[in-house]
Amino acid sequence: MTPIAAYDLGRVPYREALELQPDSPEAHWAMAVFLRLAASESASALSILQRGLELAPDNVNLLRNLGLARRALGRVKEALAPMRRAEQLDPRNFLNKVALSGTLLRLHLSKEAREVADRGLEMVPGNYDLVLYKMLSFLQE
């Protein structure tokens, strides 16, 4: 199977989920994650995430992934607000800590990045990304 065929095949269930449940924030989130990660289409993911947030403005998965899509497009400053909001809404979600810490590092906010990584490491000690971000925050200083 060619990569294009695999991509087309992989996209079908997400597209169908959106067609069957156009008001489902989860369907928007799933399609956006597929586009962002499997297809490297962050711009397309961005519009789907924004539509999902119109349905569910406080959906943590949509907020975090909106930030990640913006960051992938080089809009790092714009990525920060939805990631901060996601962490505020769900402080027990370590994925929010990973996304926020990595974004803070990209903005050269090393002390805050380390604090966020530390909070995440309290929840999931030894998480590779959080350990890496903590280490990088020291190097950045």
Side-chain angles (χ1 to χ4, degrees), residues 1 3-141:
M1 180 178 299
I4 293 172
Y7 164 77
D8 288 339
L9 184 63
R11 187 180 193 138
V12 169
Y14 299 105
R15 189 174 342 137
E16 288 177 355
L18 268 177
E19 289 170 2
L20 292 171
Q21 295 183 310
D23 294 335
S24 167
E26 291 77 14
H28 286 80
W29 170 63
M31 182 66 178
V33 169
F34 171 80
L35 289 170
R36 191 173 60 77
L37 295 178
S40 297
E41 293 182 25
S42 291
S44 299
L46 194 61
S47 65
I48 289 172
L49 289 162
Q50 289 168 328
R51 277 184 277 157
L53 284 165
E54 290 171 9
L55 299 168
D58 289 336
N59 183 294
V60 172
N61 291 322
L62 291 169
L63 286 165
R64 181 181 59 251
N65 280 278
L66 176 66
L68 290 169
R70 286 177 176 171
R71 190 173 83 185
L73 293 168
R75 296 162 50 183
V76 183
K77 286 182 182 178
E78 292 176 42
L80 197 54
M83 288 182 181
R84 285 190 193 278
R85 180 74 178 138
E87 188 193 24
Q88 177 187 27
L89 290 169
D90 190 359
R92 307 267 315 137
N93 185 329
F94 85 95
L95 294 173
N96 293 337
K97 310 273 190 269
V98 171
L100 180 57
S101 183
T103 301
L104 290 165
L105 273 175
R106 284 168 178 80
L107 293 169
H108 299 279
L109 299 169
S110 52
K111 184 179 179 198
E112 188 178 356
R114 185 169 48 254
E115 291 168 355
V116 172
D118 281 338
R119 288 196 304 269
L121 287 167
E122 289 174 10
M123 297 164 38
V124 286
N127 175 272
Y128 174 81
D129 292 320
L130 292 169
V131 170
L132 175 65
Y133 293 156
K134 182 175 181 174
M135 178 194 69
L136 291 173
S137 74
F138 284 113
L139 292 172
Q140 197 173 70
E141 285 183 351

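Side chains included, hydrogens not; waters and symmetry mates left out as well; all remaining heavy atoms used. FYI, the numbering just counts along the sequence from 1.
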* Asked: Got Ser42 and Leu35 here, is their nearest side-chain heavy-atom distance under 4.5 Å?
  -> no
* To do: With sequence neighbours excluded, tell me which residues meet side chain to side chain donor-acceptor pair (under 3.5 Å) with Glu115.
  => none
* **side-chain contact (heavy atoms from CB on, under 4.5 Å) partner of Leu46, chosen from Leu68, Asn65, Leu66** => Leu66
* Structure fact -> When every non-hydrogen atom of Ser24 is compared with those of Leu55, the smallest separation belongs to N-CD1, 4.2 Å
* Sequence neighbours left out, what passes side-chain contact (heavy atoms from CB on, under 4.5 Å) with Leu139? Give chain and number order. => Met135, Leu136
* Which residues pass the salt bridge (Lys or Arg N to Asp or Glu O under 4.0 Å) test with Arg84, sequence neighbours left out? -> Glu112
* Structure fact -> Applied to residues 69-81, the salt bridge (Lys or Arg N to Asp or Glu O under 4.0 Å) test, sequence neighbours excluded, yields Arg75-Glu78
* Does any non-hydrogen side-chain atom of Leu130 lie less than 4.5 Å from one of Lys97? -> yes
* Structure fact -> Sorted by chain and number, sequence neighbours left out, side-chain contact (heavy atoms from CB on, under 4.5 Å) with Glu141 holds for Ser110, Lys111, Arg114
* Sequence neighbours excluded, every pair satisfying side chain to side chain donor-acceptor pair (under 3.5 Å) that has a member inside residues 120-136 -> Asp118-Lys134
* To do: Under the side chain to side chain donor-acceptor pair (under 3.5 Å) rule, collect the residues that match up with Arg119, sequence neighbours excluded.
  => Glu87
* To do: Spell out, as yes or no, whether a donor-acceptor pair under 3.5 Å connects the side chain of Asn59 to the backbone of Leu62.
  => yes
* To do: For side chain to side chain contact (heavy atoms under 4.5 Å, CB included), just list the numbers for Leu104 and Leu80, CA-CA rounded to whole Å, side-chain angles, deciding distance to a tenth of an Å, and then say yes or no.
  => CA-CA 8 Å; Leu104 290 165; Leu80 197 54; 3.7 Å; yes
* To do: Indicate the atoms forming the closest heavy-atom contact of Ala45 with Ala32, along with that distance.
  => CB-O, 3.4 Å
* Asked: Under the side chain to side chain donor-acceptor pair (under 3.5 Å) rule, what pairs show up with a residue in residues 45-58, not counting sequence neighbours?
  -> Asp58-Arg85
* Asked: Between Leu49 and Ala69, which heavy-atom pair has the shortest distance, and what is it?
  -> CD1-CB, 4.1 Å
* So, Ser101 side chain and Ala113 main chain: donor-acceptor pair closer than 3.5 Å or not? -> yes
* To do: Only counting residues at least two apart or in another chain, list the ones meeting side-chain contact (heavy atoms from CB on, under 4.5 Å) with Ser40.
  => none
* Walk me through it: do Leu18 and His28 pass the test side chain to side chain contact (heavy atoms under 4.5 Å, CB included)? => CA-CA 7 Å; Leu18 268 177; His28 286 80; 3.5 Å; yes
* **From CG (Leu121) to CZ (Phe94), nearest 0.5 Å** => 10.5 Å
* Under the side-chain contact (heavy atoms from CB on, under 4.5 Å) test, residues paired with Val60 that sit two or more places apart -> Arg64, Ala86, Leu89, Asp90, Asn93, Asn96
* To do: Report the C-alpha separation of Arg36 and Glu41 in whole Å, then their side-chain angles, then the decisive distance to 0.1 Å, and conclude whether the side chain to side chain contact (heavy atoms under 4.5 Å, CB included) test is met.
  => CA-CA 5 Å; Arg36 191 173 60 77; Glu41 293 182 25; over 6 Å; no
